[in-house]
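Written below as structure tokens is the structure these notes are about.
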Amino acid sequence: MRSVRDFAAGVGFFFQGFGWVARNTRWWLFGLIPALIAFALYAGMLIFFGTNAYTVAEFLTPFADSWGWRELFRTLVGIALFVGGLVLAVLTFAALTLAIGEPFYERLSAAADPLESEEEQPWWRTLPRSIRDSLVTLFFVLLFTIPLFFLGFVPVVGQTVVPVLGALVSGFFLTVELTTLALERRGLARKQRFALLRANKASALGFGVAVFLLFLVPLVAVIAMPAAVAGAALLVRTRLAPVS
């Protein structure tokens, strides 16, 4: 029962982020700029990939050339590849947006989570570290999502268990990305941040799954990005590393 309550509390922090940006409209508008830039990049890539998905599937499945139902098979593979690309875009959208808007979101996170003392470094020093940490996170994401992608072709399991596991994995790593700003301001390195989130897994999953599901809607992801950053700061402040 406690895990369920913690999961629900994690979801609640995301909606608290919406409440915070609703009361601080200037910060919401401020945070939209990098999200719009990232959205334009992803939209272009997904449109290109979507229009060429069948060609990619054909290239990847030469063994199906002699099959009578090869066109149907390759269409399904193309759809699966596009869906996989969409999920990967959702997972990396936060990381890319945070990288593009590092100075924007650092200030937004600090406004939602003011500290008397914090680890302050100029953004041009923190940006390379943030990119490196995001690449490490992406490695772990792929470590989990690639097997899930192939399990998605298994009848029944692929349509029931895999989407749930995918949402949980994606949600956790979205929380990893979004809480980075607030936790770095407390001087926590990547390994410490991972350990803290694992220790508060239910709350981290609740927050991240809510973000993941909403981020599946492209334009909503742009609108919700500032709220996600604010909600992550509130999650850290209230649940993960409370201010004494």
Side-chain angles (χ1 to χ4, degrees), residues 1-17 20 90-99 101-102 105-121 123 125-145 165-215 225-244:
M1 284 299 295
R2 181 180 175 182
S3 295
V4 174
R5 288 197 301 270
D6 288 346
F7 185 92
V11 174
F13 280 110
F14 184 34
F15 289 102
Q16 286 183 41
W20 190 90
V90 170
L91 289 171
T92 56
F93 176 79
L96 179 63
T97 306
L98 289 171
E102 178 98 2
Y105 293 123
E106 276 188 353
R107 293 177 63 187
L108 192 159
S109 180
D113 172 36
L115 300 175
E116 289 185 8
S117 61
E118 59 183 86
E119 297 280 337
E120 288 191 28
Q121 292 186 25
W123 70 269
R125 284 188 177 177
T126 60
L127 181 59
R129 185 178 66 227
S130 297
I131 293 173
R132 185 184 67 247
D133 287 352
S134 293
L135 290 174
V136 172
T137 302
L138 179 60
F139 168 77
F140 284 112
V141 168
L142 294 175
L143 197 64
F144 285 97
T145 55
L165 290 177
L168 292 173
V169 169
S170 303
F172 180 80
F173 285 108
L174 274 174
T175 304
V176 169
E177 289 289 352
L178 289 165
T179 55
T180 293
L181 290 173
L183 292 174
E184 278 191 338
R185 292 171 56 238
R186 287 164 169 78
L188 273 68
R190 184 181 66 248
K191 289 183 179 180
Q192 294 171 306
R193 298 196 302 268
F194 266 92
L196 184 60
L197 288 168
R198 285 197 301 269
N200 295 270
K201 194 175 298 180
S203 299
L205 286 173
F207 179 82
V209 169
V211 174
F212 173 73
L213 293 176
L214 208 53
F215 273 26
M225 186 62 190
V229 174
L234 295 172
L235 171 65
V236 170
R237 184 179 184 83
T238 308
R239 180 61 62 96
L240 303 183
V243 178
S244 57

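Numbers here are sequence positions counted from 1. Predicted, not measured: the structure shown is a model, and the values here were computed from it.
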- Item | Heavy-atom neighbours of Arg107 CZ exceed 12 at 6.0 Å | no
Interatomic spacing from [atom1] in [X] to [atom2] in [Y] - rounded to 0.5 Å:
X	Y	atom1	atom2	result
Asn200	Leu205	CG	CG	11.0 Å
Leu240	Leu235	CG	CG	4.0 Å
Thr92	Leu174	OG1	CG	9.5 Å
Phe172	Phe212	CZ	CZ	15.0 Å

- What orientation do Phe173 and Phe144 show, parallel under 30°, tilted 30 to 60°, or perpendicular over 60°? tilted
- Ala111: partners by side-chain contact (heavy atoms from CB on, under 4.5 Å), with sequence neighbours left out: Trp20, Trp27
Taking all non-hydrogen atoms of both residues, which atom of [X] and which atom of [Y] are closest, and how far apart?
X	Y	answer
Asp113	Ala233	CB-CB, 3.8 Å
Ala202	Asp6	CB-CB, 3.6 Å
Leu178	Ala94	CD2-CB, 4.2 Å
Arg237	Arg186	CA-NH2, 3.7 Å
Phe13	Leu234	CE2-O, 3.6 Å

- Message: So, using side chain to side chain donor-acceptor pair (under 3.5 Å) as the criterion, who are the partners of Ser203 when residues are at least two apart?
- Response: Arg239
- Query: Between Arg185 and Glu106, does a salt bridge (charged side-chain N to carboxylate O under 4.0 Å, His left out) hold up when you go through it step by step?
  - Reply: CA-CA 9 Å; Arg185 292 171 56 238; Glu106 276 188 353; over 6 Å; no
- Item | Short side-chain to backbone donor-acceptor contact, Ser109 and Tyr105, under 3.5 Å | no
- Message: Closer than 3.5 angstrom, by distance alone: can the side chain of Thr175 be matched with the main-chain N or O of Phe207 as a donor-acceptor pair?
- Response: no
- Message: Evaluate Met225 against Leu98 for side chain to side chain contact (heavy atoms under 4.5 Å, CB included), listing each step before the verdict.
- Response: CA-CA 9 Å; Met225 186 62 190; Leu98 289 171; 3.9 Å; yes
- Item | Arg193 side chain near Thr179 side chain, heavy-atom distance below 4.5 Å | no
